[in-house]
Number of protein chains: 2
Amino acid sequence: MPRGNCRGQGWWHGKFQGCGYRLTAGREAILDILSKSEGHLSAEDIYIKVHSKYPNVGLTTIYRTLDVLSNLGMVSKLDFGDRRARYELAEGPKGERHHHHLVCTNCNKVVDYTDFIDEEVELLQETEKGLGAKYNFKITNHIIQFYGLCDKCSGKK
Amino acid sequence: MPRGNCRGQGWWHGKFQGCGYRLTAGREAILDILSKSEGHLSAEDIYIKVHSKYPNVGLTTIYRTLDVLSNLGMVSKLDFGDRRARYELAEGPKGERHHHHLVCTNCNKVVDYTDFIDEEVELLQETEKGLGAKYNFKITNHIIQFYGLCDKCSGKK
DNA sequence: CTCCTTAATGGAAATGGTTTCCATTAACAA
DNA sequence: TTGTTAATGGAAACCATTTCCATTAAGGAG
């Protein structure tokens, strides 16, 4: 029962119902936390933050909701190599804070960069459109990441 | 002891020693399998293939070697959402078979695409150079993935 | 507003890919 | 050939994530 092929324009209050999802306290709590937090939160990070405000929301719901949001394209699920998924709000393609990631494969340090984003976004939108048409995909999200060694780690022998 | 900041040009026979890594039968076996296989292999896939030829290579070594190769930028570690890492040889940035991925978030189907790759590669190389300089990263690898619903999955309600 | 269908929930238990441990082996520089 | 130490493999541990299932509640129908 994939319902991710439903893409609204506005913000989530309407987005959910329009897609057949129910709007619950837990889901609102998670979106609330996500929109107020900077950085790349793990499911547990989110659980702790949500739990302090809504103690009756369980970890399982966190995972389930993040999965839904991810499928809807509202949240990006990221892997920085530290053995747990990280999540962040996916702004619209022209969103102000749109960025990609630079990851150190040694210490797992992550740099959010916004340089070159404009050119990237332009190309990605074309690519997305072209790929969607050619392969019949309804694309909701994308990920770009560069991997390497950061300043400190590349110095060490 | 990060040694990934060592990037040779040639192929792996020399690449290893130059970086201080030892060239062992297991490592050769894994590279051999990887270079002869199409597709996105899991650690276990590789283990099975390697094991049939070199029965004394253990799964642990597979993981360790893939990690080394990944840090060297010779192998890309991928996440398609099926709960296990996938690996493939990372050709040079201008390699013939260079491609990126389109992933269905419902059935985990993966499409390798090469469309738009030229433009992408060009932009990515500039970006890589710029980012490397600005943030002092020695970049060895990158990943681009589009997520959405494939033909079949977007039809279902 | 009330009823009813069924999506959503949460806590506990299970899962399983990946890592850790450690004694043993072997790569390769001297 | 020898010595140093990286590399190995098998078993056990790890732990993020999923599955189970009985219970709750969202929201459309009347």
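The sequence lines fix the lettering, A, B, ..., with proteins before strands; numbering per chain opens at 1. Heavy atoms only: backbone and side chains are in, while hydrogens, waters and symmetry mates are out.
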Bending between helix ends of the helix from dC1(C)-dG30(D) to dA30(C)-dT1(D) [5 pairs per end, 10° resolution]
50°
Determine whether more than 12 heavy atoms belonging to other residues, nucleotides or ligands lie under 6.0 Å from atom CD of Glu119(A).
yes
Under 4.0 Å protein heavy-atom contacts per nucleotide of nucleotides 21-30 of chain C, with B for base, S for backbone only and - for none
B-----BS--
On DNA chain D, more 5' by nearest nucleotide between Tyr47(B) and Arg27(B) is Arg27(B)
Lys/Arg cation over aromatic Phe16(A): Arg27(A), 6.0 Å, 45° cone
yes
Rounded to whole Å, please give me the gap between CG in Asp79(B) and P in dA16(D).
16 Å
Please work out whether the ring planes of Tyr47(B) and His51(B) are parallel, tilted or perpendicular, with thresholds of 30° and 60°.
tilted
Distance in angstrom units between Leu66(A) CG and dT18(D) C1', rounded:
14 Å
Pair His142(B) and His100(B), ring centroids less than 6.0 Å apart:
yes
When you compare the side chains of Glu88(B) and His99(B), does any donor N or O come within less than 3.5 Å of an acceptor on the partner?
yes
Less than 6.0 Å separating the ring centroids of Tyr113(A) and His101(A)?
no
Apply side chain to side chain donor-acceptor pair (under 3.5 Å) to Tyr135(B) and Asp115(A), showing your working.
CA-CA 11 Å; Tyr135(B) 297 106; Asp115(A) 318 79; 2.9 Å; yes
Got a donor-acceptor contact below 3.5 angstrom from the Ser35(B) side chain to the Leu31(B) backbone?
yes
Taking only N and O in the side chain of Tyr63(B), is any of them less than 4.0 Å away from OP1 or OP2 of dT18(C)?
yes
So does Arg84(B) get a side-chain nitrogen or oxygen closer than 4.0 Å to the phosphate oxygens (OP1/OP2) of dG17(C)?
yes
Give a yes or no on whether the backbone of Lys49(A) and the side-chain of Ser52(A) come within a donor-acceptor separation of less than 3.5 Å.
yes
Round to the nearest Å and state the distance from Ile62(A) atom CD1 to dT18(D) atom C1'.
15 Å
Taking the nucleotide of DNA chain D with the nearest heavy atom to each, does Asn56(B) or Arg83(B) sit closer to the 5' end?
Asn56(B)
Send over the distance from Asp67(B) CG to dT18(C) P, rounded to a whole Å.
11 Å
Does Gly26(A) or Ala85(B) map to a spot on DNA chain C nearer the 5' end, using the closest nucleotide for each?
Gly26(A)
Using whole Å, what does the distance between atom C1' of nucleotide dG16(C) and atom CD of Glu44(B) come to?
10 Å
